[in-house]
**Student:** 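Sending over a structure as structure tokens; questions will come in a sec.
Fair warning: this is a prediction, and the values are worked out from it, not measured in the lab.
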Amino acid sequence: MEGIEGINHFINGIVWGPVMLCAMLGIGVFYSVRTGFFQVRHFPVWWSETILSVFRNKSNKGKNGMISPFRAMSTALAGAIGTGNIVGVAGAMALGGAGAVFWMWVAAFFGMATSFAEIVLGIRYREVKNGSYVGGPMYYIEKGLGCRWGAVCFAVLCVLVSLGMGNMTQANSVAGALRLSFGIPPVICGAVLSAVTGLIIFGGISRISALTEKLVPVMTALYIIAALIVIFHDISRVPPAFSRIFTEAFDVKASAGGIMGYGMARAVKYGISRGVFSNEAGLGSSPIIHSAADTEDPCRQGMWGIFQVFIDTIVMCTLMSLCILTAAPDLSCADGIALSTAAFENVLGGAGRIFISVSIVLFAFATLISWCYFGEKGLEYLTGGRYIRLYRGIYVCMTYVGCVLGISLVWDISDTLNGLMAIPNIIALILLYRKTDEECKKLRTISPAGTKRRSFRKLF
């Protein structure tokens with residue numbers, strides 16, 4: 001066992017090391033430049049084409065067994081939003097200081113462009129199987145690059161990550177939260193959670209997306225409201241909190257060992273890595289679900305990816321960081337769960353602890369059911385659609401196992417597999433950038449509500 005841990009630690013240091021983090025950040029910078037920083041210059045356009053379009057459209061259901069763009073975004077967001085938005089943010093701050101938040105913003109800012117690009121490619125290269133669209137990195141790696149083995153590698157890693165990071169670790173978080181706050185034994189939690197998970201995932205993407213369409217907006221809204229209550233409890237602490245974020249982000253003072261810039265280095269490392277882990281831009285999971293959307297416009301669906309990263313990191317993670325800095329500003333000797341719980345408990349009392357536990361349960365459950373679809377599509381690519389029901393059965397069993405067993409090693413290995421999964425996707429994004437350009441030029445016009453038609457050639 002120690003040998004496995006040592007090997008995983010070595011590989012993890014590479015896949016989440018400086019080179020990989022620079023590559024993930026660099027691809028976002030590259031696409032930001034190529035789109036003329038679309039995420040900033042045309043904020044009203046992608047905002048209107050995404051969340052505001054939901055209120056304009058009377059029907060938000062897909063056609064012919066497909067799912068709507070909003071449902072696709074909700075399911076992708078459910079897969080990304082997870083416990084990383086609570087525990088991950090607090091953990092980044094505990095390890096990298098308040099300055100880590102700034103670098104999370106940096107990762108999200110450029111991650112918006114990365115998410116846009118991978119979703120555009122997902123729509124461009126998707127296929128129709130059994131009456132529904134299927135797509136994702138495995139399809140644009142094979143069809144766009146002609147690299148079958150690279151696509152197979154991604155699909156295999158996707159299946160493994162779905163069972164580990166997407167399933168067992170999330171189930172473990174649910175069981176831990178319910179045990180600590182409500183005294184529910186993991187065995188009972190595992191039985192109930194696995195039964196509910198099976199009921200949903202055996203209904204396929206329609207049932208999964210129908211649930212996430214309702215669950216994600218509700219839990220996001222409740223989380224935002226509760227966070228604002230904590231922040232506004234002493235709003236005078238907000239300006240100093242922002243000042244602390246920016247100051248510690250560029251802290252170049254020497255550490256106790258004499259290493260100049262040690263604080264800044266840790267802020268950069270944990271801020272960018274946790275930011276990428278939170279919104280999953282560049283990992284390749286989001287385009288799998290977005291490719292199933294009932295749309296013919298790759299660029300419009302790509303805008304949902306921009307919105308997804310914006311909500312996940314710029315909004316949700318920022319709120320958690322402000323809660324911590326205003327209500328539990330002492331970041332020393334604390335882990336992620338302790339920090340996030342303390343922030344809410346210091347303002348809301350016992351209700352704050354319960355709220356954090358319930359939030360972890362909802363976020364983890366949303367991630368759990370969404371990742372089943374991601375893994376299923378990876379397996380479908382590998383086997384042509386065989387063994388899907390067997391995979392779902394295994395997925396349900398792993399949910400129970402994740403609840404009742406201590407799985408610290410599974411967390412570590414899953415984190416490594418998550419990083420490995422991003423490698424073929426990033427390579428494809430670099431080599432297929434001209435295809436993304438072509439899709440942006442194909443869509444000549446766009447009609448946001450209240451604005452006149454404009455050329456995409458001018459937007460990009």
**Student:** Show the nearest heavy-atom pair for residues Ala292 and Tyr373, with the distance to one decimal.
**Tutor:**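 Nearest pair, atom of Ala292 first, then Tyr373: CB-OH, 3.6 Å.
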**Student:** What pairs with Arg124 under salt bridge (Lys or Arg N to Asp or Glu O under 4.0 Å), at least two apart in sequence or on another chain?
**Tutor:**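 For Arg124, the residues satisfying salt bridge (Lys or Arg N to Asp or Glu O under 4.0 Å) (neighbours in sequence not counted) are Glu438, Glu439.
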**Student:** Using a 3.5 Å cut-off and no angle test, enumerate the donor-acceptor pairs between side-chain atoms of residues 315-325 and protein atoms at least two apart in sequence or in another chain.
**Tutor:**
unit_1	atom_1	unit_2	atom_2	d
Thr318	OG1	Trp105	NE1	2.8
Thr318	OG1	Ile314	O	2.5
Ser321	OG	Cys317	O	3.4
Ser321	OG	Thr318	O	2.6

**Student:** May I have the step-by-step check of side chain to side chain contact (heavy atoms under 4.5 Å, CB included) for Ile208 and Ile200, ending in yes or no?
**Tutor:** CA-CA 6 Å; Ile208 292 174; Ile200 295 171; 4.0 Å; yes
**Student:** Centres of the Phe250 and Phe102 rings: under 6.0 Å?
**Tutor:**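 Judged by ring-centre distance (under 6.0 Å), Phe250 and Phe102 do meet the cut-off.
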**Student:** So Phe374 and Ile289, do their side chains get closer than 4.5 Å, heavy atoms only?
**Tutor:**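 Answer yes - side chains close enough.
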**Student:** So Tyr140 and Pro287, do their side chains get closer than 4.5 Å, heavy atoms only?
**Tutor:**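 Yes, side chains in contact.
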**Student:** Has Arg126 got a side-chain atom pairing as donor or acceptor with Ser291's backbone, closer than 3.5 angstrom?
**Tutor:**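 Side chain of Arg126 to backbone of Ser291: a pair is present.
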**Student:** Would a 4.5 Å heavy-atom cut-off, applied to side chains only, mark Val218 and Leu222 as touching?
**Tutor:**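 Of all side-chain heavy-atom pairs linking Leu222 with Val218, at least one is under 4.5 Å.
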**Student:** Can you check whether Ile11 reaches Ile14 side chain to side chain, under 4.5 Å on heavy atoms?
**Tutor:**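 Ile11 vs Ile14: side chains apart.
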**Student:** Sequence neighbours left out, what passes ring pair (Phe, Tyr, Trp, His ring centres under 6.0 Å) with Phe109? Give chain and number order.
**Tutor:**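 Partners of Phe109 by the ring pair (Phe, Tyr, Trp, His ring centres under 6.0 Å) criterion come out as none, since no residue qualifies.
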**Student:** When you measure from the side chain of Trp371 to the backbone N and O of Met165, does any donor-acceptor pair fall under 3.5 Å?
**Tutor:**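 Here the side-chain-to-backbone pair does not exist.
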**Student:** In chain order, what residues pass the side chain to side chain donor-acceptor pair (under 3.5 Å) check against Thr114, with sequence neighbours excluded?
**Tutor:**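 Thr114 satisfies side chain to side chain donor-acceptor pair (under 3.5 Å) with no residue once adjacent residues are dropped.
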**Student:** Heavy-atom count around Arg244 CZ within 6.0 Å, excluding the residue itself: above 12?
**Tutor:**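 Yes, CZ of Arg244 has more than 12 neighbouring heavy atoms, counting only those of other groups under 6.0 Å.
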**Student:** Measuring from atom CD1 of Ile369 to atom OG1 of Thr197, what distance do you get when rounded to the nearest 0.5 angstrom?
**Tutor:**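 Separation between the atoms: 7.5 Å.
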**Student:** Answer yes or no: are there more than 12 heavy-atom neighbours, outside Phe43 itself, under 6.0 Å from its atom CZ?
**Tutor:**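 Yes, enclosed.
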**Student:** Which residues satisfy the salt bridge (Lys or Arg N to Asp or Glu O under 4.0 Å) test with Arg237, sequence neighbours excluded?
**Tutor:**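 Partners of Arg237 under the salt bridge (Lys or Arg N to Asp or Glu O under 4.0 Å) test: Asp234.
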**Student:** Nearest 0.5 angstrom please: Lys377 NZ to Cys158 SG, how far?
**Tutor:**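 Separation between the atoms: 11.0 Å.
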**Student:** For the pair Tyr31 (side chain) and Gly111 (backbone), establish whether a donor and an acceptor sit closer than 3.5 Å, ignoring hydrogens and angles.
**Tutor:**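 Pair absent, no side-chain N/O of Tyr31 close to backbone of Gly111.
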**Student:** Under the ring pair (Phe, Tyr, Trp, His ring centres under 6.0 Å) rule, collect the residues that match up with Tyr223, sequence neighbours excluded.
**Tutor:**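 Applying ring pair (Phe, Tyr, Trp, His ring centres under 6.0 Å) to Tyr223 gives Phe363.
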